[in-house]
Amino acid sequence: MAKLWGGRFTGKTDPVMERFNNSLNVDRVMWNADIDGSVAYSTALEAAGVISAAEGSSIREGLEKVRSEWASGTFVEKDGDEDIHTANERRLTELIGPTGGKVHTGRSRNDQVVTDLRLHLRGTCARLGELLRSLILVCAKRAAAEVDILMPGYTHLQSAQPIRWGHWMLAHASSWKRDHERLEQAAARLNQMPLGSGALAGNPFGIDRESLASSLGFSAPCSNSIDGVTDRDFVIELTFWASLLMTHLSKLGEDLIVYGTQEFGFVKFADAYSTGSSLMPQKKNPDALELLRGKSGRVVGHTVALLTMMKGLPTAYNKDMQEDKAALFDALDTAEAALQIAQGVLATLTPNAERMKAALNSFMLATDLSEYLVRKGVPFRQTHHIAGQAVTLAESRGCALTDLTLADLQSLHELFAPDVMAVWDFEAAVERRDATGGTSKRSVLEQAAKLEAWANAATAGS
């Protein structure tokens, strides 16, 4: 088959250029979307009287045969198939003859490519949304089931205040819920149809773009034909979405890597998500989590690459844009695998409640000591200073904060009374944080229940 663009050329293309220009290895995955677009477009051409009913029927029957070949793995790629669109049209023409060439009437690869990409991404977004929902559901259920486990909470990687293990899990789930919301919003924005924009100036054959958009499941046709073929906002947005998701998963990975060390011993990882050392027989490495952390860097790089590519392009289609799919597809493929790995790790790890409890230290109750005086009417800024003096006193003696006597505390402020000793209770400390979103048992169970209800509603509405 002659090239789709070859009419004005007389010389042969350099073989190196052939390879440099070829994108079939990347866009091959859009074979089904490309056929869907061509089937719908042939129907629109027929409705506009551009092709006859017999021609339209022949084209659609041929396209379904091409689809069947892809689905069965029998499609044969040939030299000259520089992308999925060329490959499918070449095979269609082989099957039904010159009538196959009519499917491209009034259509440019400029609007065809980006329409196929949007069609393809709808399915990808749906899969990613379901994986996110499933991960959040696992997290919410586990947080509720293990709500009684206390652990140190950290800021600056220094022990800060006691929290519930489930509260820590739900912190990550909260960021994943935002990821799900952003994904839904991005999917809604990309669901506009560029087909019928032509190369940039629009379609000259009177096709009904509204009906065409509806037949392909788009909310509407793109409102401007130049923007229709130029817009790659949705590509950048989804790649950024994957970057932010991977950043969130990387944070989860980093936390668990630290918690899983012998020094912390808060969690034990399942063999299914760990590997060994080629030299040291005792090693059990959290490679799954390290790869979540490492792969996030590559995905962030794709976002930067796309923004850099697009920032200097003149308006309308430029061949630079062919590079969008390699970055986008790798980012989304990585995100899809990462979500499954994160869920597997989280679902199979074993928390060590005793090690977490043992890691709680008395100085984590210094804030509670200051709040004791707040409840006596002392301004917080003063109580913060007084509690700091208590910490200094304990450190100077080499003892725990809880070892200070009532007399020691009363030397710092006269409002300390015998009931101050009730402050030295980790369970009571977390229970005092009972406001919405806090780490009390009631609050954590409420957070988990709301997330579980949201996740179940999300799947019911999908």
**Student:** Check the pair Arg60, Glu64 against salt bridge (Lys or Arg N to Asp or Glu O under 4.0 Å), reporting the backbone distance first and the verdict last.
**Tutor:** CA-CA 6 Å; Arg60 289 186 288 277; Glu64 293 305 332; over 6 Å; no
**Student:** Tell me, which pairs form a ring pair (Phe, Tyr, Trp, His ring centres under 6.0 Å) where one or both residues lie in residues 168-196, sequence neighbours left out?
**Tutor:** Trp165-Trp168, Trp168-His172, Trp168-Tyr259, His180-Trp454
**Student:** State whether Phe234 and Arg118 meet the cation-pi test: NZ (Lys) or CZ (Arg) under 6.0 Å from the six-membered ring centroid, and within 45° of the perpendicular axis.
**Tutor:** yes
**Student:** Just by distance, no angles: are the side chains of Arg107 and Ser38 close enough, under 3.5 Å, to form a donor-acceptor pair?
**Tutor:** yes
**Student:** Enter the distance from Leu339:CG to Leu132:CG here, rounded to the nearest 0.5 Å.
**Tutor:** 5.0 Å
**Student:** Is a side-chain donor-acceptor pair under 3.5 Å present for Arg433 with Thr439?
**Tutor:** no
**Student:** Show your reasoning for whether salt bridge (Lys or Arg N to Asp or Glu O under 4.0 Å) applies to Arg127 and Glu130.
**Tutor:** CA-CA 5 Å; Arg127 289 197 310 276; Glu130 175 56 24; over 6 Å; no
**Student:** Would Asp179 and Arg182 pass as an ion pair if we require N to O under 4.0 Å?
**Tutor:** yes
**Student:** Please determine if Lys251 and Glu254 form a salt bridge, counting it only when a charged side-chain N lies under 4.0 Å from a carboxylate O.
**Tutor:** no
**Student:** List the steps, then state whether side chain to side chain contact (heavy atoms under 4.5 Å, CB included) holds for Leu137 with Glu452.
**Tutor:** CA-CA 6 Å; Leu137 194 57; Glu452 184 172 350; 3.5 Å; yes
**Student:** State whether a side-chain donor-acceptor pair under 3.5 Å links Asp111 with Ser197.
**Tutor:** no
**Student:** Does Asp83 form a salt bridge (Lys or Arg N to Asp or Glu O under 4.0 Å) with Lys325? I'd like the steps, not just the answer.
**Tutor:** CA-CA 12 Å; Asp83 55 32; Lys325 287 172 285 298; over 6 Å; no
**Student:** Can any side-chain N or O of Thr115 pair as donor or acceptor with the backbone N or O of Leu195 at less than 3.5 Å?
**Tutor:** yes
**Student:** Please check if the number of heavy atoms outside Asp271 that lie under 6.0 Å from its CG is greater than 12.
**Tutor:** no
**Student:** Please, which pairs that meet ring pair (Phe, Tyr, Trp, His ring centres under 6.0 Å) have at least one residue in residues 313-343, sequence neighbours excluded?
**Tutor:** His120-Phe329
**Student:** State whether Arg109 and Glu89 are salt-bridged, where the test is any N-O pair (Lys NZ or Arg NE/NH1/NH2 against Asp/Glu carboxylate O) under 4.0 Å.
**Tutor:** no
